[in-house]
Amino acid sequence: MKRFLTATAALALTGTMAAADYKLTILHTNDFHDRFDPISKYDGPCSAEDNGEGKCFGGIGRMITAIADARAAGGENQLLLDAGDWFQGSLYYTQYGGALAAEFMSQLKYDAMAVGNHEFDDGPEGLAAFLDDVSFPVLSANIDVSGNNLLAGRVGKSAVLDVGGQSIGIVSVLAEDTVETSSPGPSVVFSPAADAAQAEIDRLSGEGVNKIILLTHVGLTADKALAETLSGVDLIIGGHSHTLLSNSSDRAAGSYPTEVNGVPIVQAYAYGKYLGVLDITFDDAGEVTAISGDPVLLDASVAEDPAAVARMAELAKPLEALRNKVVAQTNEAIGGDRAVCRAMECTMGNLITDAMLARVKDQGIEVAIQNGGGIRASIEAGEVTMGEVLTVLPFQNTLSTFQVSGATLVEALENGVSQIEEGAGRFPQVAGMTYAFDASQPAGSRISDVMVGGAPIDMGKVYGVVSNNYVRNGGDGYKMFRDADNAYDFGPDLADVTAEYLAANAPYKPYTDGRITVK
């Protein structure tokens with residue numbers, strides 16, 4: 001544990017700083033998710049008209065400007081770090097994979113990056129292609145890639161960066177459930193994050209590195225646990241949970257930084273909406289004596305870099321026909337907010353599961369289940385384009401149909417609510433059934449009042465289920481579906497199914513009907 005002083009307390013030190021004090025400005029991002037174009041207030045696509053009216057946020061053009069401005073305003077010692085998940089989340093990833101992330105991260109001269117779970121969405125091959133195109137260290141201490149010939153020797157556990165003549169140790173860890181939330185494959189072996197991080201921290205400390213940053217992709221809850229457990233950490237820069245830590249926003253989940261066990265923790269939301277800017281001072285012994293900063297909101301006050309805007313216009317040309325195709329209309333915004341769809345019934349969850357069930361209702365299917373983590377954006381009121389639907393559902397998942405017992409369905413629901421405190425993506429949005437849960441009860445004993453088709457669930461009965469191929473094959477902890485009977489994983493793309501359902505029910509009216517009860 002290393003104690004630090006808040007910005008207020010640091011003011012008292014200003015006049016007494018020793019010559020040996022070392023000041024470092026850290027710029028940081030996390031969970032960009034291929035949002036190269038500006039986003040709306042709902043984190044979805046934002047029209048050129050709305051962008052011109054100053055209603056949009058983020059986009060790579062604003063990110064480039066914000067980083068340049070922060071560098072100009074910062075001191076001589078600076079780092080630019082990313083806590084993972086540049087991959088996946090827009091049509092650009094569908095078209096270009098990780099190539100755009102590599103292009104712009106290289107242009108921005110990132111100093112280091114954590115491997116995020118979505119960097120494995122196209123398997124080790126997708127990450128390897130990205131590594132081919134970047135020169136900065138891409139890190140994760142708790143994965144062993146030596147058994148994969150594409151990644152072996154290419155993902156470090158840590159890096160030591162020379163910044164102004166001082167050695168800064170960067171150690172990274174990745175969420176251990178990545179095997180369930182992405183596609184790293186059997187050749188990538190995961191170990192406990194805390195053990196791996198401590199071993200690497202101890203190794204660097206033994207080599208005389210006394211300033212160590214933990215760059216994580218595990219989520220805020222896990223970051224807090226690491227802060228309680230680890231020793232020798234000066235700062236945790238996190239991602240994965242899309243958490244805004246801020247001293248100025250009323251949306252913040254905590255202060256910037258948030259202190260746990262004397263360790264400051266920072267995170268800067270997601271989707272390129274904010275740039276984290278942190279000033280930190282170390283004494284000669286490597287102890288943090290002052291720390292201050294706040295994420296910068298990339299709103300219309302931040303100008304878009306003209307060269308980046310031109311580059312994105314060029315890259316968008318192959319996508320325009322698909323992006324702009326109007327498929328339906330909705331009377332109201334359809335809510336796909338992460339905080340809602342991973343915790344309770346949400347209107348986007350109802351739309352998607354209703355669409356799934358309607359598509360296969362003539363196949364004896366009674367129940368639909370969609371993981372909340374597969375819902376990536378909201379849709380605003382008005383005309384709905386295919387681009388918007390694909391932003392909500394970017395993973396190219398296909399419909400899967402199968403049969404399981406009522407007992408297995410209840411087990412699946414228990415899995416779905418087992419990590420609700422962490423905002424985990426496994427939360428089950430459903431159709432054709434209703435259920436209640438009580439998060440105050442232990443995981444595994446939270447589900448009650450399960451009804452299928454209006455009747456109490458029969459634990460011994462076999463039910464027909466539709467989900468997506470990711471969930472059916474055990475993603476997000478749904479391992480109980482792997483051995484399901486009569487499984488067929490090669491149905492139509494979920495985005496296409498949802499778009500067709502919207503079109504068939506236009507103008508669509510979003511709704512909730514109490515199918516999920518929070519006790």
Side-chain angles (χ1 to χ4, degrees), residues 26-34 60 63 67 79-89 93 96-163 168-176 178-179 181-185 187-191 193 196-197 199-201 203-204 209 212-219 236-240 267-268 270 272 276:
I26 301 173
L27 312 180
H28 63 96
T29 56
N30 58 276
D31 301 285
F32 187 78
H33 284 299
D34 258 54
I60 193 64
M63 182 63 73
I67 289 174
L79 285 174
L80 175 58
L81 305 174
D82 183 78
D85 272 9
W86 265 69
F87 286 19
Q88 193 65 264
Y93 188 79
Y96 299 108
L100 290 194
E103 176 181 335
F104 283 107
M105 292 185 82
S106 297
Q107 177 182 330
L108 286 164
K109 301 185 185 306
Y110 272 82
D111 293 292
M113 174 190 180
V115 176
N117 57 311
H118 286 292
E119 268 71 72
F120 282 113
D121 276 4
D122 284 325
E125 296 83 359
L127 178 55
F130 173 78
L131 294 173
D132 288 342
D133 294 333
V134 300
S135 58
F136 53 81
V138 179
L139 308 171
S140 190
N142 67 318
I143 62 173
D144 179 357
V145 297
S146 61
N148 184 280
N149 60 358
L150 294 175
L151 297 179
R154 306 182 70 191
V155 178
K157 297 179 182 297
S158 65
V160 178
L161 306 177
D162 185 321
V163 185
I168 311 296
I170 311 292
V171 177
S172 186
V173 288
L174 172 59
E176 296 167 36
T178 295
V179 293
T181 63
S182 191
S183 304
S187 63
V188 178
V189 180
F190 286 73
S191 60
E200 201 61 14
I201 292 165
R203 186 182 70 81
L204 295 182
V209 179
I212 295 178
I213 298 168
L214 189 61
L215 185 64
T216 74
H217 195 83
V218 297
I236 296 176
I237 299 175
H240 191 49
Q267 193 175 150

(request) With sequence neighbours left out, write down each residue that passes ring pair (Phe, Tyr, Trp, His ring centres under 6.0 Å) with Phe87, or none if nothing qualifies. (result)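 By the ring pair (Phe, Tyr, Trp, His ring centres under 6.0 Å) rule, Phe87 matches Tyr93, Phe130.
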(request) Tell me, please, which residues at least two apart from His118 pass ring pair (Phe, Tyr, Trp, His ring centres under 6.0 Å). (result)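 For His118, the residues satisfying ring pair (Phe, Tyr, Trp, His ring centres under 6.0 Å) (neighbours in sequence not counted) are His33, Phe395.
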Tell me, do [X] and [Y] make a side-chain contact under 4.5 Å, heavy atoms counted?
X	Y	value
Phe120	Leu174	yes
Met105	Asp133	no
Leu131	Leu150	no
Glu200	Ile212	no
Leu100	Ile60	no
Lys157	Arg203	no

So, taking the atom named [atom1] in [X] and the one named [atom2] in [Y], what distance separates them when rounded to the nearest 0.5 Å?
X	Y	atom1	atom2	result
Ile168	Ile26	CD1	CD1	7.5 Å
Leu214	Ser158	CG	OG	11.0 Å
Leu151	Leu127	CG	CG	5.0 Å
Asn30	Asp82	CG	CG	7.0 Å
Leu161	Ile213	CG	CD1	8.0 Å
Asn142	Ser172	CG	OG	8.0 Å

(request) Considering non-hydrogen atoms only, spot the tightest contact between Val171 and Ala141 and give its length. (result) CG1-CB, 4.4 Å
(message) To check you understand the geometry: which heavy-atom pair defines the closest contact between Gly84 and Met113, and what is its length?
(response) CA-CE, 4.4 Å
Ignoring hydrogens and angles, tell me if any N or O in the side chain of [X] forms a donor-acceptor pair with the backbone of [Y] under 3.5 Å.
X	Y	value
His217	Ala83	yes
Gln88	Asp34	no
Ser187	Gly147	no
Glu176	Phe190	no

(request) Write out all pairs satisfying side chain to side chain donor-acceptor pair (under 3.5 Å) with one or both partners inside residues 106-116, taking only residues at least two apart or from two chains. (result) Thr29-Tyr110
(message) Testing Asp121, Asn117, Asp122 one by one against Ser182 for a side chain to side chain donor-acceptor pair (under 3.5 Å), which residue passes?
(response)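 That would be Asp121.
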(message) Side chains of His240 and Asp85 only: does a donor on one sit below 3.5 Å from an acceptor on the other?
(response) no
